[in-house]
Peer 1: 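Below: one structure in structure tokens.
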Amino acid sequence: MSAPARAPDASMSLLRETADRALDPGYASAAARREAATRAGEPRPPSTWARSAWVAAVALALGAGVSVAVATLRAPAPPGAREALVEKIAERRAAVTSSSERVEQLRADVDARADAALSGSGDDLVAATRAGGLLAGTTAVRGPGLRLSIDDAPGSRAPAPGGDPREATGADQGRVLDRDLQVVANGLFTAGAQTVSVNGHRLTSLSSIRVAGQAILVDYQPLTPPYVLEAIGEPGPLAEGFAASAAGAYLAALQEAYDVQVTSTAHRRLDLPAGSVEVLRHAGVLRPGTGPAASTDEPGPEGRP
């Protein structure tokens with residue numbers, strides 16, 4: 001029995017299927033559904049050209065909106081805008097200064113009222129309360145001490161191109177950094193300083209010395225060079241202890257390698273302001289006759305920043 005004859009185009013099944021079924025099955029099914037819906041009287045969906053027109057209209061509207069926004073942002077500021085901004089900044093600074101002075105007045109009034117209220121409770125309780133204010137940094141102090149002035153190297157005031165100024169080239173390496181002040185402040189405490197302030201900002205156990213952009217911040221307050229650190233303590237032993245410490249060697253290396261300007265002077269009397277008032281974290285009842293005794297003229301040590 002002979003095998004059935006093979007069709008001449010048996011090896012061209014793909015071409016035959018393409019010729020016989022030119023329309024993709026999916027398109028054919030969609031066309032059949034549309035034809036059935038038309039026969040049933042159902043409304044036909046919007047034509048393709050109508051949808052395309054709507055898409056084009058929305059795209060044009062969005063493009064026009066973006067163009068207007070870009071043109072508005074790049075438009076030059078109106079005359080006097082910079083002067084108005086500078087004036088507003090000056091007004092805000094004056095308001096902050098006035099509020100700070102008012103806070104100091106109220107703080108002094110609170111301290112006076114607290115002393116008056118505790119005057120009948122015994123000297124030990126009054127002394128303990130004052131010592132607590134000294135330890136917390138909320139009481140101003142006065143006494144002999146050491147003043148260190150640290151300034152950028154000459155010609156290094158231009159902003160660094162970005163990143164760590166120590167990794168830059170040229171005069172930018174002579175800029176004083178936040179970590180430099182951290183090392184020096186901790187070195188003063190290690191050398192025996194009882195209290196330390198940086199540009200008039202008292203350092204407490206909750207203080208921070210950080211950097212934001214090109215500005216050094218102490219308790220989120222920006223500083224401007226030169227950076228003046230004042231430390232309460234016996235000037236002679238304090239200066240000797242700092243010079244012999246790792247912080248003293250670090251500061252000397254900055255002077256020699258980067259031409260950072262440093263001056264040190266001893267003073268018989270330094271006045272350090274009170275630190276910022278912090279939120280009360282812990283409290284307890286102090287029994288009469290307990291707690292350290294101290295005075296504002298002989299402050300005790302406080303925590304390092």
Side-chain angles (χ1 to χ4, degrees), residues 93 96-97 100-101 103-104 107 133-153 156-157 164-166 174-235 238-239 241-243 245-255 258 260-278 296 299-305:
R93 285 181 175 174
V96 170
T97 301
S100 300
E101 293 175 353
V103 168
E104 293 299 329
R107 181 182 295 171
L134 291 171
L135 293 173
T138 58
T139 302
V141 294
R142 173 187 306 152
L146 187 68
R147 177 179 293 163
L148 285 176
S149 178
I150 307 175
D151 200 358
D152 298 333
S156 62
R157 292 292 174 83
D164 187 353
R166 283 288 187 275
R175 301 191 67 199
V176 178
L177 306 180
D178 58 325
R179 64 172 177 260
D180 301 335
L181 298 185
Q182 293 172 5
V183 170
V184 173
N186 286 328
L188 289 172
F189 278 116
T190 303
Q194 297 174 341
T195 59
V196 176
S197 69
V198 182
N199 282 30
H201 297 278
R202 176 85 165 271
L203 299 182
T204 68
S205 58
L206 300 178
S207 296
S208 61
I209 302 177
R210 300 177 180 176
V211 64
Q214 297 296 329
I216 297 179
L217 309 180
V218 172
D219 289 338
Y220 304 102
Q221 299 298 319
L223 308 182
T224 57
Y227 306 103
V228 179
L229 291 89
E230 295 181 330
I232 296 293
E234 289 299 327
L238 183 58
F242 179 79
S245 67
Y250 179 88
L251 190 59
L254 291 182
Q255 285 183 273
Y258 301 110
V260 172
Q261 307 296 296
V262 180
T263 57
S264 175
T265 55
H267 294 266
R268 288 189 174 184
R269 170 174 167 174
L270 291 175
D271 293 289
L272 272 62
S276 58
V277 179
E278 300 290 345
T296 55
E302 63 185 20
R304 291 170 174 77

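Computed from a predicted model, the values in this text were never measured in an experiment.
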Peer 1: Work out which heavy atom in Phe242 is nearest to a heavy atom in Ser245; give both atom names and the distance.
Peer 2: O-OG, 2.6 Å
Peer 1: Kindly give the heavy-atom pair with the smallest separation between Glu234 and Pro144, and that separation in Å.
Peer 2: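 Distance-wise, the nearest heavy atoms are OE2-CG, 4.4 Å.
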Peer 1: Between CD of Glu230 and CG of Leu188, what distance do you get to the nearest 0.5 Å?
Peer 2: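 Between Glu230 CD and Leu188 CG, I get 11.0 Å after rounding to 0.5 Å.
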Peer 1: For the side chain of Asp178 and the backbone of Leu217, is there at least one donor-acceptor N/O pair under 3.5 Å apart?
Peer 2: no
Peer 1: Are the side chains of Asp180 and Ile150 in touch, meaning some heavy atoms are under 4.5 Å apart?
Peer 2: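 Heavy-atom side-chain distance check fails, nothing below 4.5 Å.
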Peer 1: Can you list everything that forms a side-chain hydrogen bond (donor to acceptor under 3.5 Å, both in side chains) with Gln221? Sequence neighbours excluded, please.
Peer 2: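 Gln221 satisfies side-chain hydrogen bond (donor to acceptor under 3.5 Å, both in side chains) with no other residue.
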Peer 1: Provide the closest heavy-atom pair for Leu146 versus Ser264 in the form atom of the first, atom of the second, distance.
Peer 2: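 In this case the closest contact between Leu146 and Ser264 is CD1-OG, 3.4 Å.
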Peer 1: Out of curiosity, Leu223 CG to Asn199 CG, how far, rounded to the nearest 0.5 Å?
Peer 2: 5.0 Å
Peer 1: For the atom pair CZ (Arg179) and OH (Tyr250), what is the distance rounded to the nearest 0.5 Å?
Peer 2: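 Rounded to the nearest 0.5 Å, the CZ-OH separation comes out at 5.5 Å.
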Peer 1: Looking only at heavy atoms, what is the nearest atom pair of Asp151 and Pro225, with distance?
Peer 2: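 Asp151 and Pro225 have their closest heavy atoms at OD1-CB, 3.4 Å.
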Peer 1: CG/Leu148 to CG/Leu251 distance, rounded to the nearest 0.5 angstrom?
Peer 2: 7.0 Å
Peer 1: What are the two closest non-hydrogen atoms of Val196 and Ala231, and how far apart are they?
Peer 2: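 Between these two residues, the closest heavy atoms are CG2-CB, 4.0 Å.
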Peer 1: Is Arg147 reaching over with its side chain to a backbone N or O of Thr265, donor-acceptor style, under 3.5 angstrom?
Peer 2: no
Peer 1: Quick one: does Val198's side chain get under 4.5 Å of Val184's, heavy atoms only?
Peer 2: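 In short, these two side chains do not touch, never coming nearer than 4.5 Å.
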Peer 1: Let me see the working for Leu254 and Val176 under side-chain contact (heavy atoms from CB on, under 4.5 Å), right down to the final yes or no.
Peer 2: CA-CA 9 Å; Leu254 291 182; Val176 178; over 6 Å; no
Peer 1: How far does OG1 of Thr263 sit from CD of Gln255, to the nearest 0.5 angstrom?
Peer 2: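 Answer for the OG1-CD pair, Thr263 versus Gln255, is 9.0 Å.
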Peer 1: Restricting to non-hydrogen atoms, name the atom on Ser149 and the atom on Val228 that form the minimum distance, rounded to 0.1 Å.
Peer 2: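 It is OG-CG2, 4.3 Å.
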Peer 1: Applying side-chain contact (heavy atoms from CB on, under 4.5 Å) to Val211 and Leu177, what does each step give before you reach the verdict?
Peer 2: CA-CA 8 Å; Val211 64; Leu177 306 180; over 6 Å; no
Peer 1: Between Asp219 and Ser208, is there a side-chain heavy-atom distance shorter than 4.5 Å?
Peer 2: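 Side-chain contact under 4.5 Å: yes.
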Peer 1: In Å and rounded to the nearest 0.5 Å, what is the OH to CG distance from Tyr227 to Asp152?
Peer 2: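 Nearest 0.5 Å value for the OH-CG distance: 5.5 Å.
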Peer 1: Can Tyr220 and Arg210 be counted as having a side-chain donor-acceptor contact under 3.5 angstrom?
Peer 2: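 Note: Tyr220 and Arg210 side chains meet the donor-acceptor criterion.
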